[in-house]
Amino acid sequence: MSEQSVLSCLRDQQSYFHLEDAVNLNSSKLNKMKHNVPVFGLAKTRHKPTWGLDPDGIILIPCFTFSTFTAPKIGKWRTIFETLPKIADKIKWENRVKKVMWRGARTGDRWWLTGLEQRLTAIYNTIAAAGYKDRCDYFYPANDGLQIITYGWTSAAIQLLQTSRVGKDFGVVAFKDLNFHNSSNTEQIILQIPTMIYFWRRLPRQQWSFIIGFLFLLLFIYVLYCKHSIKSAEDIPYEQDLSTINQEKEIWRKKQPQTNQLSSTAKIFSIPTDKRQRAVRNAMRHAWKAYRTYAWGYDELEPITKTPSVWFGLGCTIIDAIDTLYIMNMTEEYNQAREWIKTSFDVDSTSVDRFNSHFEITIRLLGGLLSIYHLTMDEIFLKRATQLGDRLLLNFNSSTGLPYTEINLKQKCTNPSPSTSELTTAEVGTVQLEMRDLSRITGDKKYENAADRSVATLHNQTKKDGLVSITINSLTGKFTDSTITFGARGDSYYEYLLKQWLQTGQKRPSFWDDWIESMDGVRKHLWRRTYPKEYYFVGELINRSTFTPKMDHLACFLAGNLALGWNFHRSLTYLFDMAKNLTTTCYQMYVQQPTGLSPEIAFFNIEPNFNKSSIIIHDGDVHNLLRPEVVESLYYIYHLTGDKIYQDRGWEIFQAFEKYSRVDSGYTTIGDVRNKDNVKPRNKMESFFLAETLKYLYLLFDTTNLFAFDQWIFNTEAHPLPIYSN
Ligand code: DMJ
């Protein structure tokens, strides 16, 4: 039989079968084959295994042709071997088996085929057990070694024909499209190594040295690359789906006593499928790992010196970050945080014996505990929130009902010697969401009563078209003459007006009235455009009267806040227009810097002077503190418009953080956003980077809004709290 004849038979499409079809061969199909004509099979390509049927006595002929990288692909063989017993059954049914033959060629180095031999032996045993042992006279047991035919498939076919001593005409059954993907990569790679070594041994010495030299060169380039480039967060592997663990968690959660008056607010989050979300999650893992390694149990991490810093003495980063861990489905890290809160959070510990900001404790710690309680309904968080809330409540005991600036949680007392009788408006106006929520979940009204008393004081004061100074007298509750700003010390007062209206089911109009009045105040007094570029921003009034074209990064929260307000009063389209315009300006504050990171403060050119730049950065304002306000606003506006441009902007910002703020041990605030070559790391990883910045980025990159705006509000530290119906 010539090689040409084999080829022509192969071209006879009618005699081709897929492997799957071979398994289903029935008698009629077999009968259609020429009974006295030997039929053998061979794969279409030289990389595929070959086997065949010989109806003249049916011969199974597995063989394959050999090339350097074929042999390791043992998985191909697995397909054949798993199929063979089934076919053997068919053959038994046909009762036409006379011979079973294995054919291969000896390599001389068979040790890497051990697994293969075992499988062959198993097949042999299967066939033997089926009663065909005596017909396996061509079967070579494992210890006889396998032969591997080292030349092309046509030659192989000819040789097989000769070996089987069939000299007649033959038909061809070739099995195409075998599914060869059932061997694991690891298996393939591991098996490739010895094969390559085997071949190297035969290479001339010069070539061998060349290959080794080339590999060293690659290694050298790789080391250089690792040293000088920032690893893209997208490329960092992420763990497998933890849904099983989540299911267990859910079962456990259902067993927990439900003491509150709410129906469950518990939520389950799956691992992200979106590439950008995975990158953010990897960033979160990097930040958490650094904190856990160098500052565990302390408030924050100093990532450059790899040292912890103390602020509240209450593990601030753990509590501030735990809901982000939960939302990102970082189960292991979440469990670490939960365990710490369960076993180590202690408002009576000596580390807490210090005066600290009432506002910061409320938004970061109480907010964090309430949020994770809602998401998990795990009683331990409610217990901790109540312990903390009870202490904070003592600090509302002022003549105006406004909370004092500082509290010593351990000593249960306010700071007896405040440096000033002036309170900060944002601080006294940004604690009510948390206290109210605590009342709703405990059923004890005392916290909400305190919150309501303080907002009544704020509501009753005279304002400038809804705008308030950043300072307020602690004894009278009256605003003092100072700056009006949506930046530092003013910002979240306005934010909480809207959110309290939402939290209470839109049933308390004074919150909305105060908020919308203040937005109109913004339009009247603070809203300006820049030149030559047309950007819009919200400026400040010094002493409640003199306009200054300055905007803190902090003020960028207003874009999201405007968008949220518009969402519930959609006829007020100017709100949304302002939101989008302000977002664009805030984004420009990032992209116009060489690092792509925003400064803390920007000034703007509001004169039609075309020689100036629209956004002006002063030397003293070039630091970046990892703040969230811009990505927060992008989150709101993306989910309200569905316009992916907002996601793209967030992605750019995230990448700038990755490039310039990411360090070996976490993320750091930086001192100079204008200097790409030296950003002057400041050695602080703010807890709000984990609580807010990464959370909002993660939520921004989700195609669905994981926290529907009519069901959830975020406190000013990005801790989600539920909306109540009244
Ligand atoms: C956070 O602690 C809160 O968002 C607060 O309202 C303002 N400052 C930081 C983030 O920038």
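As the structure is a prediction and not an experimental result, all values here were calculated from the model.
Partner of F709 under the ring pair (Phe, Tyr, Trp, His ring centres under 6.0 Å) criterion, out of Y635, W566, F568: Y635 alone. Of the options Q432, H374, H719, a side-chain hydrogen bond (donor to acceptor under 3.5 Å, both in side chains) to D437 is made by H374 and by none of the others.
Using cut-offs of 30° and 60° for the angle between ring planes, the Y636 and Y696 rings count as tilted.
With ring centers used as reference points, Y494 lies 6.0 Å or more from W515. A ring-centre distance under 6.0 Å is not found for Y535 and F604. The ring of H569 has its center closer than 6.0 angstrom to the ring center of W501.
Separating the CD atom in E629 from the CG atom in D491 is a distance of 7.0 Å, to the nearest 0.5 Å. A distance of 8.0 Å separates CD1 of I615 from CE of M551, quoted to the nearest 0.5 Å. From Q647, atom CD reaches atom CD of Q277 across 8.5 Å, with rounding to the nearest 0.5 Å. Here the CZ atom belonging to R489 is positioned 7.5 Å from the CD atom belonging to E427, to the nearest 0.5 angstrom.
Salt-bridge formation is detected for the pair E600/R627: a Lys NZ or Arg NE/NH1/NH2 atom is positioned less than 4.0 Å from an Asp or Glu carboxylate oxygen. Between D444 and K446 there is a salt bridge, since a side-chain N of the basic residue sits under 4.0 Å from a carboxylate O of the acidic one.
A donor and an acceptor atom, one from each side chain of T548 and E540, are nowhere located under 3.5 Å apart. Checked by atom type, the side-chain pair E300/T317 shows no donor-acceptor distance below 3.5 Å.
Sparse packing is recorded around CG of N397, with 12 or fewer heavy atoms of other residues, nucleotides or ligands lying under 6.0 Å away. Residue K507 qualifies as enclosed at atom NZ: its count of foreign heavy atoms under 6.0 Å is above 12.
Cation-pi check for R528 over F547 is met; the charged atom lies under 6.0 angstrom from the ring centroid and within 45 degrees of its normal.
Using a 4.5 Å heavy-atom threshold, the side chains of M589 and V630 count as separate. Side-chain atoms of I361 and I407, non-hydrogen and from C-beta on, do get closer than 4.5 Å to each other. Residues T483 and L541 form no side-chain contact, since every pair of their non-hydrogen atoms from C-beta on lies 4.5 Å or further apart.
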*What's the verdict on side-chain hydrogen bond (donor to acceptor under 3.5 Å, both in side chains) for D702 and T704, showing C-alpha distance, side-chain angles and the deciding distance?*
CA-CA 5 Å; D702 209 302; T704 53; 3.1 Å; yes
*Just do the salt bridge (charged side-chain N to carboxylate O under 4.0 Å, His left out) check on D648 and R276 with the steps written out, would you?*
CA-CA 10 Å; D648 294 343; R276 291 173 173 182; 3.0 Å; yes
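Across F396 and S454, no two heavy atoms sit closer than the pair CE2-OG, 4.4 Å.
Evaluation of the side-chain hydrogen bond (donor to acceptor under 3.5 Å, both in side chains) rule for N395 yields H358, T414 as partners, not counting sequence neighbours. For R508, the salt bridge (charged side-chain N to carboxylate O under 4.0 Å, His left out) criterion is met by D452, not counting sequence neighbours.
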